[in-house]
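On a predicted model such as this, the values are computed, not experimentally measured, just so you know.
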Amino acid sequence: MQCVYCGSQNIESDNQNDIFICNKCHKSYKKEYFFISHSHKDIEKVRIVRNTIEESFYNEPILFFLKCLEDDNEITSLLKREIDARRWFIYCNSKNADASKYVQEERKYVQSLIDKGINKNIVTIDLDKFSLDKPDEIKKFTLRQLKKRFAFISYNQTDIQYANQIYNDLTNIGCNTYCIACHNYDIENDFGLHINNTIQNIAKNNGYFIILLSKKSLSNNFVKYEYDLAVKNNCIILPVLIDLSFNDEELMTKFPIFQNTTMLKYTDNFANEFLKFNPI
């Protein structure tokens, strides 16, 4: 795993607080837990999926064979409790999974939770599309499915041409991107609530809060308000340099979290820079 802020791989698990901590920049990441729904007949391919998640994310999946349990009611109860405890549900789709009673019960149960308004991130991996002799293809597809990112672009109105270009670039690579063209809203009214809810949604989906840094944006109160919401909701914050007309002291006074943070520079093809930072 690599810290998205400073690039360090010196990351430690803090089980007591259920977080990962970067020992270099001291940024923390809330742990996410995955439930992998699969048929045991696909175990070799499923292991590749599991290993990819463990190697690439701040997450801890669950994958086990219920050898010690024989009673169907006991098994079903355990599986439901595990699904309840995990926000991610990975469905390893295959002919074997279609024929598995337990996989189908797991799918029905997670859908019942969604119908009740309980948030679950559901990702489908189509195992039958891949052969075991090409594990890299399974790994790449798993990464692509899991890294279907969400992003919110925060910017000063004078930088709208950069915001629009980044929006187009990210949308073209399948990123669900929000670029809201209004910076005169009342934070107490419905539009302010919409901004708040959108940023919360970005955080829930492990998305990026992209802040365009320029002389104007550093003095924009609405950009600061959106930034504070992103910090409060534990978004992954990605600063992008639009110009260098401000000094480091100005930046750190306004946005102290950017100390020791990796920053991207704006380019005409921002998607390339984004994919280097967030490879799929």
Side-chain angles (χ1 to χ4, degrees), residues 1-2 31-67 75-76 78-116 118-151 169-177 201-202 204-208 236 271-272 274-280:
M1 294 184 296
Q2 179 174 309
K31 288 184 178 180
E32 293 280 355
Y33 292 92
F34 283 46
F35 184 96
I36 303 181
S37 180
H38 68 284
S39 166
H40 71 276
K41 294 181 180 179
D42 297 319
I43 191 63
E44 296 301 324
K45 292 180 181 178
V46 173
R47 283 198 183 107
I48 298 172
V49 173
R50 177 202 62 191
N51 293 343
T52 299
I53 296 172
E54 291 181 341
E55 293 167 2
S56 307
F57 297 89
Y58 308 99
N59 304 302
E60 296 184 355
I62 180 172
L63 185 63
F64 56 77
F65 182 69
L66 300 174
K67 183 175 177 59
I75 294 173
T76 300
L78 173 61
L79 292 174
K80 287 182 177 180
R81 294 199 306 273
E82 287 294 346
I83 292 172
D84 288 340
R86 298 165 190 273
R87 198 159 66 85
W88 290 79
F89 183 87
I90 310 300
Y91 171 47
C92 292
N93 183 31
S94 69
K95 291 180 180 178
N96 291 326
D98 285 343
S100 168
K101 178 183 74 173
Y102 292 115
V103 171
Q104 297 311 310
E105 286 183 358
E106 291 160 4
R107 293 183 66 199
K108 288 179 182 177
Y109 181 66
V110 79
Q111 185 59 53
S112 74
L113 295 178
I114 293 171
D115 292 342
K116 293 176 183 177
I118 298 173
N119 182 49
K120 296 288 180 184
N121 291 329
I122 299 179
V123 174
T124 299
I125 310 294
D126 294 313
L127 295 182
D128 287 344
K129 290 183 178 180
F130 306 100
S131 60
L132 269 175
D133 60 353
K134 294 183 178 179
D136 286 346
E137 291 187 1
I138 300 176
K139 181 175 181 178
K140 185 175 181 180
F141 184 81
T142 300
L143 286 173
R144 189 176 294 275
Q145 291 298 94
L146 292 172
K147 287 197 169 187
K148 281 185 174 178
R149 288 298 192 184
F150 289 73
D169 286 350
L170 295 184
T171 300
N172 286 338
I173 61 170
C175 185
N176 295 304
T177 309
N201 185 56
I202 294 294
K204 286 179 180 179
N205 286 283
N206 295 330
Y208 285 97
I236 299 173
N272 285 343
F274 182 77
L275 289 176
K276 290 176 187 176
F277 183 81
N278 176 50
I280 59 174

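- To the nearest 0.5 Å, the span separating CZ on Phe34 from CD1 on Ile90 amounts to 5.0 Å.
- Within the 4.5 Å cutoff, the side chain of Leu79 has no heavy atoms near those of the Glu105 side chain.
- Looking only at distances, a side-chain donor or acceptor of Ser112 sits under 3.5 Å from a matching main-chain atom of Tyr109.
- Between the CD1 atom in Ile118 and the CD1 atom in Ile83 there is a gap of 11.5 Å [rounded to 0.5 Å].
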Output side-chain donor-acceptor pairs under 3.5 Å for residues 127-136, partner residues at least two apart or in another chain, one line each.
residue : atom : partner : partner atom : Å
Asp128  : OD2  : Lys95   : N            : 2.9
Ser131  : OG   : Asp133  : OD1          : 2.3

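- When all heavy atoms are compared, the tightest approach of Ser39 to Val103 is N-CG2, 3.9 Å.
- Put simply, CD1 on Ile236 and OH on Tyr208 are 4.5 Å apart, with the number rounded to the nearest 0.5 Å.
- Side-chain atoms of Thr142 come within 3.5 Å of backbone atoms of Ile138 as a donor-acceptor pair (strictly under, hydrogens ignored).
- Remark: Asp126 CG to Phe141 CZ distance equals 5.5 Å, nearest 0.5 Å.
- In this structure, Glu106 contributes its side chain and Phe89 its backbone to no donor-acceptor pair below 3.5 Å.
- Taking the ring pair (Phe, Tyr, Trp, His ring centres under 6.0 Å) definition, one finds that Tyr91 meets it with nothing, sequence neighbours left out.
- Atoms CD1 and CD1, on Ile43 and Ile48 in that order, are 10.5 Å from each other to the nearest 0.5 Å.
- For the pair Leu78 and Arg81, the minimum side-chain heavy-atom distance is below 4.5 Å.
- Going from atom CG of Asn93 over to atom OG of Ser37 covers 10.0 Å, rounded to the nearest 0.5 Å.
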His38/Ile125 under side chain to side chain contact (heavy atoms under 4.5 Å, CB included): CA gap, chis, key distance, verdict = CA-CA 10 Å; His38 68 284; Ile125 310 294; over 6 Å; no
Kindly determine whether Gln111 and Lys108 satisfy side chain to side chain contact (heavy atoms under 4.5 Å, CB included), including the steps that lead there.
-> CA-CA 5 Å; Gln111 185 59 53; Lys108 288 179 182 177; 5.8 Å; no
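- Salt bridge absent: Lys140 and Glu137 never bring a charged side-chain N and a carboxylate O closer than 4.0 Å.
- Taking both residues in full, the closest heavy atoms of Arg107 and Val110 are given as O-CG1, 3.3 Å, listed atom of the first, atom of the second, then distance.
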